[in-house]
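Below is one structure; the comments refer to it alone.
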Protein chains: 2
Amino acid sequence: MGLSALTDRQQALLDHLASFVAKQGYAPSLQEIAHAFGFSSLQGVKDHLKALERKGYVRRRPGQRRAITLMGPPRPFANGIPILGRVPAGTPQLALEQYDERLTLDTATLGPGRHFALQVKGDSMIHAGIHDGDYVIVRQQDTAEPGAIVVALLGEDATVKYLRRRGRQVRLEAANPAYRPIPLHGHVPAPKILGRVVGLYRAFR
Amino acid sequence: MGLSALTDRQQALLDHLASFVAKQGYAPSLQEIAHAFGFSSLQGVKDHLKALERKGYVRRRPGQRRAITLMGPPRPFANGIPILGRVPAGTPQLALEQYDERLTLDTATLGPGRHFALQVKGDSMIHAGIHDGDYVIVRQQDTAEPGAIVVALLGEDATVKYLRRRGRQVRLEAANPAYRPIPLHGHVPAPKILGRVVGLYRAFR
DNA sequence: TGACTTACTGTATATAAATACAGTACCCTC
DNA sequence: GAGGGTACTGTATTTATATACAGTAAGTCA
């Protein structure tokens, strides 16, 4: 089963919604919909939207203006990919209703600040689940709390390390014990923190 | 070149706009933008939007709620984050010229096909560097070559496993040897392949 | 016949959100 | 060292818009 059937008017309203969003980049207000259909009242629009929401074609945020999200197949995953919530047993195809959130790599997901990505070389952080070839997503900052995974510049090389406090010394440590820890101060060349690792991406070939 | 250059903050705001619209299907309100960036006032948002409008990146309808239209050619890397190539020695701040590529999670990066993401539960794939809480990005398909990491439906649970061939038997194997392999055929309940794992994302708190 | 759904009109109220004005701070550059 | 642009905070006001309640009318199902 997919989505339940729509009446002619509900379909017309859904079509109008889709074309409005495609054209303007934002959803119409209730009065704009009413005007487009020649309604003199808003209640008709509300009723139709309520039906569309009940049948799973749109989702609304109560009280918010123009907060209508179109659901359903014709929405490409242009930006971000849907996160599958529960997996219904024996479902032949994955129902759209299951998608609630979306996974993206942008400032909205990552929070404020400048970000960059860096491809990891070597296996010094393999015990932290960071493998050779992985991309770490880094929020640019020049300090970090102990315990954080940071990207530090050591001479000419950018390295991914834990920032750890040992007594009164703060140092960079690899997750792999085969690598020597590096004190943050009093080391030549002086390490410089480029940012904190906030995400990781790996592509499987 | 057509559109004039943007400041970092203006670019960040434009990226946020693009991803919000892509995710929600409608534009954000000024307060939502302010909240996303941690502003306590709306004037900053207004100023930035004004700059973006003056430079031709967006168009607004005065007085209307959420009436922000993104202009210009659809920028494919609107939501990506830059990948830092070489790290120049001793550079005080990271120069923009160093960024050559961008990391995105969209169909352009992932290739053709439908994709979804799934949050991994448990440590059955920890030896493959897939940890509890990681998101795997899955290309939807119902078969896969042996050697691939797949997401399979086992009864009501979606599990991440290697697809391996042993002799003439094809079976699902965990990377963690503590878990039993499951033959693809002749097992109850019958495993069903949902797709192949093509990527992995992890967020660090 | 009556209950139920769809498809609206009409009026009133509440509020989310845009606008406006005043001010601070930090660059630039001329 | 004055002037302009960027990047905000803080408070107040207005309004576009969502919501609520009370109806009417036609079709359909049982």
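Here is how names work: the chains are called A, B, and so on, in the same order as the sequence lines, proteins then strands, and each is numbered from 1. In this text, all values refer to a predicted model and were calculated from it rather than measured experimentally.
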Test: K55(A) and E53(A) ion pair at under 4.0 Å: no
Contact boundaries on DNA chain D for chain B, cut-off under 4.0 Å to non-hydrogen atoms: dT6(D) to dT17(D)
Carboxylate-amine/guanidinium proximity below 4.0 Å for E32(A) and R61(B): yes
Spacing between L30(B) atom CG and dA20(C) atom P, to the nearest angstrom: 12 Å
Spacing of L42(A) atom CG relative to dA14(C) atom C1', expressed in whole Å: 14 Å
Touch class at under 4.0 angstrom, heavy-atom based, for Q10(A) against every strand present: sugar-phosphate
Touch class at under 4.0 angstrom, heavy-atom based, for R61(B) against every strand present: nothing
Phosphate-side-chain proximity, R65(A) and dT15(C), N/O vs OP1/OP2 below 4.0 Å: no
R9(A) side-chain N/O to dT6(C) phosphate OP1/OP2 under 4.0 Å: no
Short side-chain N/O contact to dA17(C) OP1/OP2 from Q64(A), under 4.0 Å: yes
Value in whole Å for how far the P atom of dT6(C) lies from NZ of K50(A): 10 Å
Please tabulate, for side-chain N and O atoms in residues 35-49 of chain A, each donor-acceptor pair with protein atoms closer than 3.5 Å (sequence neighbours left out).
from: S41(A); atom 1: OG; to: Q43(A); atom 2: N; distance (Å): 3.3
from: Q43(A); atom 1: NE2; to: D47(A); atom 2: OD1; distance (Å): 3.3

